[in-house]
K.L.:
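Just passing along the structure, written as structure tokens.
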Amino acid sequence: MPEPPERGAVLAETERVLQQNWSTGERDGVPFEYSEPSPGRYPWQWYWDSCFAAIAWRRFEPRRARAELESLLAAQRADGFIGHTIFWRRPVTPLRLLFYNVASRRSLQTETIQPPLLAWAWRLAVGDPGEEPRIGRQAEWLQANRDLEGDGLLWIVQPDESGLDASPKFEPVWGRQSNGRFGFPLLVRRNRRLGWDARRIRNAGRPVLCEVVVNTFWSLSLQALGRPSATPALVERLWDEERGLFFDEAQPQGELVRVKTWASLAPLALPDLPEEIGRRLVEEHLLNEREFWTTVAPPSVAADERGYEPEGGRGPIRRYWRGPTWVNSAWMVWLGLRRLGYEDEATRLADGVIAAVAREGLREYYDPRDGTGMGAKDFAWSALVAELADPGLSYRFK
Ligand code: GLC
């Protein structure tokens, strides 16, 4: 178990990375301030990265937590939409048009979304999101445009909208057009033609997905806004009682996609998840060494899945979320362990992540077997390790 000095060193390193990645400027008279996910590799403002960075900033410099989220709001369109990536500083290169969901090179942001946790992040890092009407407007855009079945759950139009870009769970749905596959530019081109409009995409017979992580954050945000929770609908639609896990539902197939990834456990973070479901997730799966209970847990794909690649994706294209452990997901399931009273297990999970970060620095992801750091360096949202290293701050869900 890491000694307190290791925890102190991790907190210091976290603050160093956040300070270093802080980026400020102005585009067309609009000022911006945010944490670059990783200098050089990821220069733009990513929506969910910023939400996580703001949560980490709240303990070091609350003003920056607010400024980070205000910059997302500064990019908001009049109809309430906020994109997956915002190109404050420089436009995308022509080559990136193949992979990036922008209407044109001059676009300020993508036309796609990322998991909508802004309201919840605001609740944790700033205050009552109900007092900031622009946050409510984003929720209304999502409701109007992405709640395709009228049950309060959101649907996505391509894998990267979940933030879990190349996860093997998307392959049964999008096949060769999944993120990280050679056909992905085709998906971007098709969705561009359909204006990234979920209803048009579905009507054209193309896939849409009711995804677990997106809807977990959506439910947290609704609750932060004081609106009715989406958790009952999430359980109704995506809980697989037989397997004891959550899975995405794909349309037009109309079936659950039963690939075991950390997303199956993400609802553990929901304060209103029925307790017996939480206990099944923990006892049957998270604490199962054949699936998710690795040295640095939880791996992004269960260790007994065929698609499990703990050393990161193979091949010429960078493929994320295919096995390594990411700090944001460790934090999400840790929240559930603590809420359900699994204190020793929560400490063990935290210790695994802290030890990896202490040795390897804030990397994008880690080998679940031995904590080897991989991917981008000085990765901002890995600052969430501070939540595990110094769990004194409280969590206000509502
Ligand atoms: C990768 C991740 C995505 C993240 C982005 C920036 O694409 O899969 O979740 O938002 O990098 O860090």
Side-chain angles (χ1 to χ4, degrees), residues 1-15 17 52 55-56 58-60 120 124-125 216 220 244-245 261-271 273 275-303 310 323-373 379 381-397:
M1 169 173 167
E3 294 300 318
E6 201 171 45
R7 292 178 180 243
V10 158
L11 286 173
E13 176 62 1
T14 294
E15 189 171 6
V17 168
F52 293 129
I55 293 166
R58 85 195 195 287
R59 71 176 55 237
F60 300 113
W120 183 51
L124 294 181
T216 297
L220 286 167
L245 289 166
T261 70
W262 85 273
S264 290
L265 309 175
L268 274 173
L270 291 165
L273 186 71
E275 186 173 331
E276 63 281 8
I277 291 185
R279 294 204 178 279
R280 284 196 66 192
L281 290 173
V282 170
E283 290 172 20
E284 293 176 20
H285 301 286
L286 176 57
L287 302 182
N288 180 342
E289 285 176 10
R290 285 191 311 278
E291 296 183 331
F292 293 104
W293 204 237
T294 53
T295 305
V296 184
S300 46
V301 175
T325 300
W326 298 61
V327 177
N328 63 342
S329 26
W331 174 60
M332 293 289 284
V333 301
W334 174 87
L335 285 174
L337 285 174
R338 298 214 49 204
R339 183 173 45 79
L340 293 166
Y342 295 96
E343 286 300 330
D344 292 348
E345 292 81 358
T347 304
R348 189 177 143 196
L349 182 137
D351 288 346
V353 177
I354 292 163
V357 175
R359 211 180 56 224
E360 308 280 319
L362 270 67
R363 300 296 300 265
E364 194 173 12
Y365 41 82
Y366 300 85
D367 189 318
R369 300 164 300 181
D370 61 9
T372 301
F379 189 64
W381 92 39
S382 294
L384 287 171
V385 69
E387 301 301 306
L388 309 178
D390 175 24
L393 296 189
S394 65
Y395 290 98
R396 289 161 301 161
F397 286 91

K.L.:
Specify the closest pair of heavy atoms between P299 and T294, including all atoms of both residues, with the distance to one decimal.
P.N.:
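Where P299 meets T294 most closely, the heavy atoms are CD-OG1, 3.5 Å.
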K.L.:
Check the pair L388, D351 against side chain to side chain contact (heavy atoms under 4.5 Å, CB included), reporting the backbone distance first and the verdict last.
P.N.:
CA-CA 8 Å; L388 309 178; D351 288 346; over 6 Å; no
K.L.:
Give the minimum heavy-atom separation between G352 and V296, together with the two atoms involved.
P.N.:
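Taking every non-hydrogen atom into account, O-CG2, 3.7 Å.
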K.L.:
Might you point out which heavy atoms bring L384 and F52 nearest each other, and give the distance in Å?
P.N.:
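Nearest heavy atoms, L384 then F52: CD1-CD2, 3.6 Å.
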K.L.:
Extract all donor-acceptor atom pairs below 3.5 Å that involve side chains of residues 333-341 and protein atoms in other chains or at least two apart in sequence.
P.N.:
unit_1	atom_1	unit_2	atom_2	d
R339	NE	L270	O	3.4
R339	NH2	L268	O	2.4
R339	NH2	L270	O	3.2

K.L.:
Which residues pass the ring-ring contact (aromatic ring centres under 6.0 Å, His included) test with F379, not counting sequence neighbours?
P.N.:
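Expected list: W381.
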K.L.:
List in chain and number order the residues that pass side chain to side chain donor-acceptor pair (under 3.5 Å) with E291, two or more places apart in sequence or in another chain; answer none if no residue qualifies.
P.N.:
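For E291 the side chain to side chain donor-acceptor pair (under 3.5 Å) partners, ignoring immediate neighbours, are K260, H285.
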K.L.:
Might you point out which heavy atoms bring Y366 and G361 nearest each other, and give the distance in Å?
P.N.:
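Reported closest heavy-atom pair: OH-O, 2.6 Å.
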K.L.:
Would you please name every residue forming a salt bridge (Lys or Arg N to Asp or Glu O under 4.0 Å) with E13, sequence neighbours left out?
P.N.:
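Listed in chain order: R16.
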K.L.:
Do the side chains of P310 and T325 get nearer than 4.5 Å, heavy atoms only?
P.N.:
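Side chain of T325 against side chain of P310, heavy atoms only: no contact under 4.5 Å found.
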K.L.:
Can you list the residues that meet the side chain to side chain contact (heavy atoms under 4.5 Å, CB included) rule with P324, with sequence neighbours excluded?
P.N.:
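Side chain to side chain contact (heavy atoms under 4.5 Å, CB included) list for P324, sorted by chain: S300, Y365, M374.
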K.L.:
So which atom in A389 and which in V10 form the shortest heavy-atom distance, rounded to 0.1 Å?
P.N.:
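Shortest heavy-atom contact: CB-CG1, 4.3 Å.
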K.L.:
Quick one: CG on L349 to CD1 on I354, what's the gap to the nearest 0.5 Å?
P.N.:
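These two atoms lie 9.5 Å from each other.
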K.L.:
Tell me whether T14 contacts the main-chain N or O of A386 through its side chain, where contact means a donor paired with an acceptor under 3.5 Å.
P.N.:
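Not at all, since once roles are kept as given, no pair shorter than 3.5 Å links the two residues.
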K.L.:
With sequence neighbours excluded, tell me which residues meet side chain to side chain contact (heavy atoms under 4.5 Å, CB included) with L124.
P.N.:
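Listed in chain order: I55, W120, W331, Y395.
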K.L.:
Sequence neighbours left out, what passes side chain to side chain contact (heavy atoms under 4.5 Å, CB included) with R359? Give chain and number order.
P.N.:
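R359 satisfies side chain to side chain contact (heavy atoms under 4.5 Å, CB included) with no other residue.
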K.L.:
Once rounded to the nearest 0.5 Å, what's the spacing between atom CD of E345 and atom CG of L286?
P.N.:
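Those atoms lie 9.0 Å apart.
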K.L.:
Can you sort out the partners of E284 under side chain to side chain contact (heavy atoms under 4.5 Å, CB included), two or more places apart, ordered by chain and number?
P.N.:
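Counting only residues at least two positions away or on another chain, E284 forms a side chain to side chain contact (heavy atoms under 4.5 Å, CB included) with R280.
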K.L.:
Look at the side chain of S382 and the backbone N and O of R363, then say whether any donor-acceptor pair between them is shorter than 3.5 Å.
P.N.:
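Yes.
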K.L.:
Minimum heavy-atom separation for L281 and S264, please, with both atom names.
P.N.:
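So the minimum-distance heavy-atom pair works out to CD2-O, 3.5 Å.
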K.L.:
Mind checking salt bridge (Lys or Arg N to Asp or Glu O under 4.0 Å) for E275 and listing every partner two or more places apart, or none if nothing turns up?
P.N.:
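Scan of E275 (salt bridge (Lys or Arg N to Asp or Glu O under 4.0 Å), adjacent residues dropped) gives R279.
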K.L.:
Quick one: list whatever passes salt bridge (Lys or Arg N to Asp or Glu O under 4.0 Å) with E387, sequence neighbours left out.
P.N.:
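Checked E387 against salt bridge (Lys or Arg N to Asp or Glu O under 4.0 Å); matches are R58, R59.
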K.L.:
Who are the side chain to side chain donor-acceptor pair (under 3.5 Å) partners of T372, not counting sequence neighbours?
P.N.:
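In terms of side chain to side chain donor-acceptor pair (under 3.5 Å), with neighbours along the sequence ignored, T372 is linked to D370.
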